[in-house]
Amino acid sequence: MKKYILGLFAVAVISSCVSQQERAMRSADKEFILKAANENFAKKKWKNALALYDRLANLVAGTDDFPNVGFNTAYANYYDKSYKLAGHQFKNFAVSFPKDPRAEEAAYMSALCYYEGSMDYNLDQSSTELAINELQDFLNNYPNSERSKNISQLIDELSYKLEFKAYENGRQYYKMGEYKAANVAFENVLEDFPSTKLRSKIYDYIMKSRYELAMKSIYNLKAERIESALTYTRLVEKELPNTEYSKTATDLREKLEKEKEHFAVVKKETEARMAALTARQKKEAEKLAAQGKTEQQVKDQISNEKKAMQLQRDSAALKTPPPAATFKIQR
């Protein structure tokens, strides 16, 4: 019997709660809806609270309840993990009610929402860049805030995400054997993030990328690339002494020096062959030129002989007297 009574009581309580939410959703009574919405908010029933706050937006416009509804709506969306919407609402609150005691908190929460909305490093990082800008805006607007220290930490965290994203891009190029692209990508990381914590690893990848470029280079670029790789091994040894990276630098430099010596021999032999080939080509060209000249001389001689024969014929015609005249006796 007791179990039966307890069961009825539980059903009654549940029915009461559900009916209150439903009544509030159908009601036009601002006070009743507001009370139900705030109760849901206090009980962390975010979706129920949001449904009712949404109905209240027009009902409380221009009243003293409007800021509270807007502030609670933003928090409800934040706790419901709708960070983009919550960030927009908190920002609107801070801008719309700058003299409200909660304006700084709203500005902080707005920046925090953008931080929470930042995507993983392997995804598009436009949200991360936007979050950094919003966090920096908070520091600019509230430089003396107690929350500034926390904001600075968040900015550092997001900046590292961008940094690591760029670093991973370089690593992907290296893994694919795109050593020139990898070298450029890693150098860009050093330029964009001069205080990077990944400097030693980046140095290592740039050095290896230049080594691979030198060893696999085409003839015309090989000498230059060998020198570039050798220079970077010395940089790594100087900047990272007594480390695994400096040891790698020493090993690679020895291989590069051997490759440099080997290439010097190949280059000398190649230049000798090219010189011999050039000489042969020059000789052949001169021979062909001489043959061309001889052929022209023969043609000129034939032409001259023809002209001489024609001249002789013309001269003979001039020297031959006309036939004697025939006179007829007149009758």
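Using a 4.0 Å cut-off between charged side-chain N and carboxylate O, K255 and D251 make no salt bridge. Classification of E134 and K91 as a salt-bridged pair holds, one side-chain N sitting under 4.0 Å from a carboxylate O. One finds a salt bridge joining R147 and E104 here, because a Lys/Arg side-chain nitrogen approaches an Asp/Glu carboxylate oxygen to under 4.0 Å. The residues K222 and E259 are annotated as salt-bridged, a charged nitrogen and a carboxylate oxygen being separated by less than 4.0 angstrom. Remark: E187 engages R210 in a salt bridge, criterion side-chain N to carboxylate O under 4.0 Å. Taking 4.0 Å as the cut-off between side-chain N and carboxylate O, R171 and E168 count as a salt-bridged pair. At a threshold of 4.0 Å, the pair K35-E31 does not count as salt-bridged, since none of the basic side-chain nitrogens sits closer than that to a carboxylate oxygen.
L190 contributes atom CG, which lies 9.5 Å from atom CG of L198 (distance to the nearest 0.5 angstrom). The structure places NZ of K84 at 9.0 Å from CG of L130, a figure rounded to the nearest 0.5 Å. In this structure, CD1 on I202 lies 10.5 Å from OH on Y245, to the nearest 0.5 angstrom. Between atom CD of residue E254 and atom CG of residue L230 there is a gap of 11.5 Å, rounded to the nearest 0.5 Å. Interatomic distance, OG1 of T128 versus CD of E157, reported as 10.0 Å (0.5 Å rounding). Interatomic distance, L34 CG to R55 CZ, rounded to the nearest 0.5 Å: 12.5 Å.
The aromatic rings of F164 and Y167 are tilted relative to each other, their planes meeting at an angle between 30° and 60°. Using the six-membered ring where Trp is involved, W46 and Y79 have ring planes that are parallel, under 30° apart on the 30 and 60° scheme. Using cut-offs of 30° and 60° for the angle between ring planes, the F186 and Y205 rings count as parallel.
Looking at Y114 and N133, their side chains never bring a donor and an acceptor atom within 3.5 Å of each other. Judged by distance alone, the side chains of Y53 and N38 do bring a donor and an acceptor atom under 3.5 Å apart. In the model, Y232 has no side-chain atom that pairs as donor or acceptor with a side-chain atom of E237 under 3.5 Å. Judged purely by distance below 3.5 Å, without hydrogens or angles, the side chains of T73 and Q89 never pair a donor atom with an acceptor atom.
The environment of OH in Y108 is crowded: more than 12 heavy-atom neighbours from other residues, nucleotides or ligands sit within 6.0 Å. In the displayed structure, N140 atom CG is contacted under 6.0 Å by more than 12 heavy atoms of other residues, nucleotides or ligands. Heavy-atom neighbours of Y142 OH from other residues, nucleotides or ligands within 6.0 Å: above the threshold of 12. Around atom CD of E224, no more than 12 heavy atoms belonging to other residues, nucleotides or ligands sit under 6.0 Å away. Under a cut-off of 6.0 angstrom, the local environment of CE in M176 is crowded, with over 12 non-hydrogen atoms contributed by other residues, nucleotides or ligands.
Put simply, the side chain of N92 does not reach to within 4.5 Å of the side chain of V95, judged on heavy atoms. Inter-residue side-chain proximity for I132 and S159 is flagged as met; some heavy-atom pair is nearer than 4.5 Å. Side-chain contact between L59 and I33 is present, with at least one heavy-atom pair separated by less than 4.5 Å. Taking 4.5 Å as the limit, every side-chain heavy atom of V236 sits out of range of all side-chain heavy atoms of D204. Using a 4.5 Å heavy-atom threshold, the side chains of N48 and E39 count as separate.
Not one N or O on the side chain of S217 forms a donor-acceptor pair closer than 3.5 Å with the backbone of A214. With hydrogens and angles ignored, the 3.5 Å screen pairs a side-chain donor or acceptor of S110 with a backbone N or O of G87. Put simply, the side chain of D80 never gets that close to the backbone of S82: no donor and acceptor are under 3.5 Å apart. At distances below 3.5 Å, not a single donor-acceptor pair connects side-chain atoms of S118 with backbone N or O atoms of Y115.
Considering every non-hydrogen atom in both A86 and A74, the closest pair reads CB-O, 3.4 Å. M207 and T248 get closest at one heavy-atom pair: CE-CG2, 3.9 Å. The shortest heavy-atom contact between G170 and A185 is CA-CB, 3.8 Å. The heavy-atom pair separating S246 from L240 by the smallest distance is CB-O, 3.1 Å. Here the shortest heavy-atom pairing between A107 and A94 reads N-CB, 4.0 Å. Scanning both residues, F71 and A106, for their nearest heavy atoms gives CE1-CB, 4.2 Å.
Centroid-to-centroid, the aromatic rings of F193 and Y160 stay 6.0 Å apart or farther. Proximity of the aromatic rings of Y179 and Y174 is defined here by a centroid distance below 6.0 angstrom, and this criterion is met.
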Please evaluate residues R199 and V189 with respect to the criterion side chain to side chain contact (heavy atoms under 4.5 Å, CB included), reporting the C-alpha separation (whole Å), side-chain torsions for both, the decisive distance (0.1 Å), and the verdict. CA-CA 9 Å; R199 181 172 294 274; V189 178; over 6 Å; no
Could you give me the CA-CA distance, side-chain angles and deciding distance for S145 and F138, then say whether side chain to side chain contact (heavy atoms under 4.5 Å, CB included) is met? CA-CA 9 Å; S145 173; F138 178 82; 3.7 Å; yes
Using the rule given for side chain to side chain contact (heavy atoms under 4.5 Å, CB included), can you reason through R234 versus T231, listing the C-alpha separation, both sets of side-chain angles and the distance that settles it, and then say yes or no? CA-CA 5 Å; R234 298 186 189 101; T231 300; 4.2 Å; yes
Does the side-chain hydrogen bond (donor to acceptor under 3.5 Å, both in side chains) test come out yes or no for Y83 and N77, once each step is laid out? CA-CA 7 Å; Y83 299 120; N77 275 310; over 6 Å; no
Does the side chain to side chain contact (heavy atoms under 4.5 Å, CB included) test come out yes or no for K260 and E227, once each step is laid out? CA-CA 9 Å; K260 182 178 180 180; E227 291 302 326; 2.7 Å; yes
Apply ring-ring contact (aromatic ring centres under 6.0 Å, His included) to F263 and Y219, showing your working. CA-CA 9 Å; F263 181 67; Y219 179 86; 5.4 Å; yes
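In terms of hydrophobic clustering, with Ile, Leu, Val, Met, Phe, Trp and Tyr side chains grouped at heavy-atom distances under 4.5 Å, L112 and I151 are assigned to a common cluster. By the criterion of side-chain heavy atoms lying less than 4.5 angstrom apart, applied directly or through intervening Ile, Leu, Val, Met, Phe, Trp or Tyr residues, I206 is grouped together with M215 in one hydrophobic cluster. A continuous path of Ile, Leu, Val, Met, Phe, Trp and Tyr side chains, each step under 4.5 Å between heavy atoms, connects L235 with I226, placing both in one hydrophobic cluster.
Tested against Y75 for a ring pair (Phe, Tyr, Trp, His ring centres under 6.0 Å), the candidates F90, F93, F41 yield a single pass: F90.
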